[in-house]
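Everything numeric here is computed off the predicted structure, so don't read it as measured data. Hydrogens, waters and symmetry mates are skipped; everything else that's a heavy atom, side chains included, is used.
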Amino acid sequence: MEEYAREPCPWRIVDDCGGAFTMGAIGGSVFQSIKGFRNAPSGITQRLAGSLSAIQQRAPIIGGNFAVWGGLFSTIDCSLVAIRKKEDPWNSISSGALTGAILAVRQGVPAMVGSAVIGGVLLAMIEGVGILFSRISSEQFKPISPLEEQQRDPRLFQTEGNSGGGGMFGFGAPAPQ
């Protein structure tokens, strides 16, 4: 459902690239702050300075790596949407596999195949969980027939004649005795 609320394809690439950079920079800052704190000399001032130094040096690089991954993934995803003329989970799974393969091209064919498999499996799991949550949450919007409702809670459908109670049109809680 959220695919319909997203930007159209040319702008989606820029949006996803920026979002991935932000996510990588924030996550990299947290990770690098802990790493810099632990690897600095003893003393709270030294450790805080080491933490800040590690964040300044590495967080932008990690953010950039995430941005490359997000931009490449979105570019491939938009290309597949344009080629296949439909937007479904197979586009995301294929995009994850192709992105993994392209980013591992400098390590050779075995690394490309391994990264493609990992990217495809990860995206398949993400898409599968998304579909599962959609199915589970759609149950609450499914209309219920009055017969099913009566089988669940027969007190709601008791009439005045057989319950002694009242309510508008014979529905309502039983009358106190």
Side-chain angles (χ1 to χ4, degrees), residues 1-138 140-141:
M1 205 58 161
E2 58 195 40
E3 278 83 25
Y4 301 113
R6 295 180 70 185
E7 296 285 330
C9 257
W11 302 110
R12 184 183 303 181
I13 297 168
V14 176
D15 188 37
D16 287 350
C17 193
F21 177 82
T22 304
M23 186 170 51
I26 291 171
S29 296
V30 170
F31 181 78
Q32 293 301 322
S33 68
I34 295 168
K35 185 177 174 186
F37 190 84
R38 290 182 68 201
N39 292 333
S42 62
I44 192 71
T45 308
Q46 298 289 347
R47 290 188 183 264
L48 290 176
S51 179
L52 184 62
S53 175
I55 291 171
Q56 289 173 341
Q57 290 175 6
R58 294 291 302 162
I61 295 169
I62 295 170
N65 291 341
F66 270 69
V68 167
W69 195 96
L72 186 58
F73 176 85
S74 290
T75 302
I76 294 170
D77 191 38
C78 286
S79 299
L80 288 174
V81 168
I83 292 168
R84 295 182 66 225
K85 302 283 191 252
K86 61 177 155 178
E87 207 165 321
D88 60 359
W90 288 109
N91 288 344
S92 295
I93 295 168
S94 302
S95 298
L98 287 170
T99 299
I102 290 170
L103 290 177
V105 76
R106 291 174 58 189
Q107 284 83 33
V109 175
M112 286 177 65
V113 171
S115 292
V117 168
I118 289 171
V121 168
L122 277 173
L123 266 296
M125 288 175 21
I126 291 169
E127 290 293 327
V129 168
I131 291 169
L132 178 70
F133 281 149
S134 295
R135 294 250 170 103
I136 290 171
S137 66
S138 69
Q140 67 183 340
F141 298 111

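Looking at every heavy atom in both residues, G28 comes nearest to A59 through C-CB, 4.2 Å. Among all heavy-atom pairs drawn from P60 and Q56, the shortest one is CD-O, 3.7 Å.
Rounding to the nearest 0.5 angstrom, the gap separating the CG atom in L52 from the CD atom in Q57 is 10.0 Å. Here CZ of F21 is found 10.5 Å from CD1 of I62. Values are rounded to the nearest 0.5 Å. Considering CZ of R38 and OG of S33, their distance stands at 12.0 Å, rounded to 0.5 Å. One finds the CD1 atom of I93 at 12.0 Å from the CG atom of L98 (value rounded to the nearest 0.5 Å). Separation of atoms OG (S134) and CD (E127) is listed at 9.5 Å; rounding is to 0.5 Å. To the nearest 0.5 Å, atom CD1 of residue I55 and atom CD1 of residue I34 are 9.5 Å apart.
With T99 contributing its side chain and G96 its backbone, the two residues share no donor-acceptor pair below 3.5 Å. A donor-acceptor pair under 3.5 Å links the side-chain atoms of N39 to the main chain of K35, judged by distance alone. A donor-acceptor contact shorter than 3.5 Å is absent between the side chain of S74 and the backbone of G71. Under a 3.5 Å cut-off, the side chain of S94 and the backbone N or O of N91 do not form any donor-acceptor pair.
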Checking side-chain contact (heavy atoms from CB on, under 4.5 Å) for the pair S95/L123: CA distance, chi angles, key distance, verdict?
CA-CA 8 Å; S95 298; L123 266 296; over 6 Å; no
Could you go through D16 and D77, starting from their C-alpha distance and side-chain angles, then the distance that decides it, and tell me whether this counts as side-chain contact (heavy atoms from CB on, under 4.5 Å)?
CA-CA 11 Å; D16 287 350; D77 191 38; over 6 Å; no
Step by step, work out the side-chain contact (heavy atoms from CB on, under 4.5 Å) result for F37 and I44.
CA-CA 9 Å; F37 190 84; I44 192 71; 4.0 Å; yes
Side-chain donor-acceptor distances from residues 105-118 under 3.5 Å, at least two apart:
unit_1	atom_1	unit_2	atom_2	d
S115	OG	A111	O	3.1

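Taking C78 as the reference, C9 meet the disulfide (SG to SG under 2.5 Å) condition, with sequence neighbours excluded.
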